[in-house]
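Encoded as structure tokens, the structure appears first; notes follow it.
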Amino acid sequence: MTVTRGLEGVVATTSTISSIIDDTLTYVGYDIDDLAENATFEEVVYLLWHRKLPNKQELEELKKQLAENASIPKEVIDHFKMYPIDKVHPMAALRTAISLLGIYDEEADVMDAEANYRKAIRLQAKVSTIVTAFSRIRKGLEPVEPRKDLSFAANFLYMLTGEEPNEIAVEAFDKALVLHADHELNASTFTARVCVATLSDVYSGITAAVGALKGPLHGGANEAVMKMLTEIGTVENVEQYIQKKLENKEKIMGFGHRVYREGDPRAKHLKKMSEKLTKLVGEPHWYEMSAKIEEIMNSTKPLPPNVDFYSASVYHCLGIDHDLFTPIFAVSRMSGWLAHILEQYENNRLIRPRAEYTGPQKQKYVPIEQRI
Ligand SMILES: CC(C)(COP(=O)(O)OP(=O)(O)OC[C@H]1O[C@@H](n2cnc3c(N)ncnc32)[C@H](O)[C@@H]1OP(=O)(O)O)[C@@H](O)C(=O)NCCC(=O)NCCS
């Protein structure tokens, strides 16, 4: 048996959804740079689910379906109201709410392709409502009903604050959603595929994926980046803080990647957005600290920033609570998870690797009275 720790380099499936080749990320063959500059999130959702960009009519239909399915059951809202609210991380609330949605979906266990697609629409439509409702309830506010006339990105910001967001905020948020939508066989997507490869249902697959995204080595890194920036406080403190962490062999959140070697192509878009937005809100130090950290990492490690590094200051400038950063990642990645789940069902085989056993051998059972 050859053990490949962390399954590094292991090719576990074929897929027609997204690819990372020579540090270039594509969704269905479209370069992420092209999509980040030109596509809306809804277009990307359609692309990931249908492997083609939508025409006008197809896009309108998808938007209509998302708008019509955005409300969440009252039971989910009531459930949130029962939580010891200051102790529950929004990712835990999201994970639980997705599972709960499955309970209230009569089609949850109907496994034909059409029913699974309908569930994909429902999950994508409801995920923003769940995250924003939880955010408001824990602040003692009532959730805001989704609006049918707003884009997916605008609706999220609207439901979060109760106010219609400005164009710059919507554009930035939409771009961030495009950049996070899919990423080949990342840890949470793999988790989703492993789960549904047992022919378990879509809700189980997404619940498992949210759990995997929550960890700081994956989606949780964006919140950890903001925590680090807050701890550092000023540009002058950066050098000493980072050097100390590196000397102690601690990881710098938002850097490194399992697949990219030269750099994460999504990071440069978020870096540009971070520079613009931090200036716009009069808090340029977040960008300046981030750029300084990147400079130090570059000359010492050298590890390039990943998608989570500059997204932290971008979300902060949009007025988003820091512990909502990872749920926002989930709002976007929902589209990729669902695309992969539907693809897995299309040509399924149970995913079941092996482990090399390294424990004791040939032991004999000892009755409990004789055990020390
Ligand atoms: C993304 C990540 C999990 C990839 O992990 P991986 O491929 O298993 O790589 P490893 O954790 O084995 O790291 C390989 C080496 O680089 C170092 N390294 C990796 N990321 C590092 C970081 N962010 N800061 C400092 N050192 C890092 C490791 O310490 C290790 O060094 P060593 O060989 O001297 O022990 C890892 O880079 C990381 O933990 N980054 C920080 C968390 C993060 O930003 N996650 C979001 C990813 S999009």
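Positions are given from 1 along the sequence. Counting starts at 1 for both ligands and their atoms, in listed order. Values below: every heavy atom of this structure, side chains too, minus hydrogens, waters and symmetry copies.
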Any Gly6 heavy atom less than 4.0 Å from ligand 1: no

Proximity flag Pro216 to ligand 1, non-hydrogen atoms under 4.0 Å: yes

Ring-ring centroid check Tyr260 His183, cutoff 6.0 Å: yes

With a heavy-atom distance limit of 4.0 Å, tell me whether [X] approaches ligand 1 through its side chain, its backbone, both, or neither.
X: Asp264; result: neither
X: Asp308; result: side chain
X: Lys301; result: side chain
X: Ala224; result: neither

Just to confirm my output: which protein heavy-atom neighbour is closest to [atom], and how far is it?
atom: atom 24 (N) of ligand 1; result: Ile252 N, 2.8 Å
atom: atom 41 (C) of ligand 1; result: Phe255 O, 3.4 Å
atom: atom 43 (C) of ligand 1; result: Ala221 CB, 3.5 Å
atom: atom 1 (C) of ligand 1; result: Gly256 O, 3.8 Å
atom: atom 20 (N) of ligand 1; result: Leu303 CD1, 3.6 Å
atom: atom 42 (C) of ligand 1; result: Met253 SD, 3.6 Å
atom: atom 8 (O) of ligand 1; result: Arg258 NH2, 3.0 Å

His340-Asp182 side chain donor-acceptor pair, cut-off 3.5 Å: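 A pair is found: one side chain offers a donor N or O, the other an acceptor, under 3.5 Å apart.
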
Ion pair [X]/[Y], N-O distance below 4.0 Å:
X: Lys292; Y: Glu288; value: no
X: Asp323; Y: Arg138; value: yes
X: Arg51; Y: Glu343; value: yes
X: Glu142; Y: Lys81; value: yes
X: Lys119; Y: Asp201; value: no
X: Arg122; Y: Glu107; value: yes
X: Lys64; Y: Glu68; value: yes

Shortest heavy-atom approach to atom 38 (C) of ligand 1 - which of Arg266, Lys251, Lys245: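 Result: the heavy atom closest to atom 38 (C) of ligand 1 is in Lys251.
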
Non-hydrogen protein atom less than 4.0 angstrom from [atom]:
atom: atom 14 (C) of ligand 1; answer: no
atom: atom 46 (C) of ligand 1; answer: yes
atom: atom 26 (N) of ligand 1; answer: yes
atom: atom 6 (P) of ligand 1; answer: yes
atom: atom 30 (C) of ligand 1; answer: no
atom: atom 35 (O) of ligand 1; answer: no

Over-ring placement of Arg147 relative to Tyr158, 6.0 Å and 45° cut-offs: yes

Arg266 to Tyr27 six-membered ring, cation-pi geometry met (6.0 Å, 45°):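 No; the conditions do not both hold, so Arg266 does not lie above the ring face of Tyr27.
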
Positive for side-chain contact (heavy atoms from CB on, under 4.5 Å) with Met159, one of Ser135, Pro146, Pro143: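 Exactly one candidate clears the test, Pro146.
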
Parallel, tilted or perpendicular: rings of Phe80 and Tyr83 (30°, 60°):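 If you compare the ring of Tyr83 with that of Phe80, the planes turn out perpendicular.
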
Under 4.0 Å from any heavy atom of [X], which atoms of ligand 1 are there?
X: His218; value: 46 (C)
X: Gly254; value: 43 (C), 44 (O)
X: Leu217; value: 3 (C), 39 (O), 45 (N), 46 (C), 47 (C)

Minimum heavy-atom distance between Asp23 and Gly263, given as atom pair plus value: OD2-N, 3.3 Å

Within-cut-off N or O pair, Leu246 and ligand 1, under 3.5 Å: no

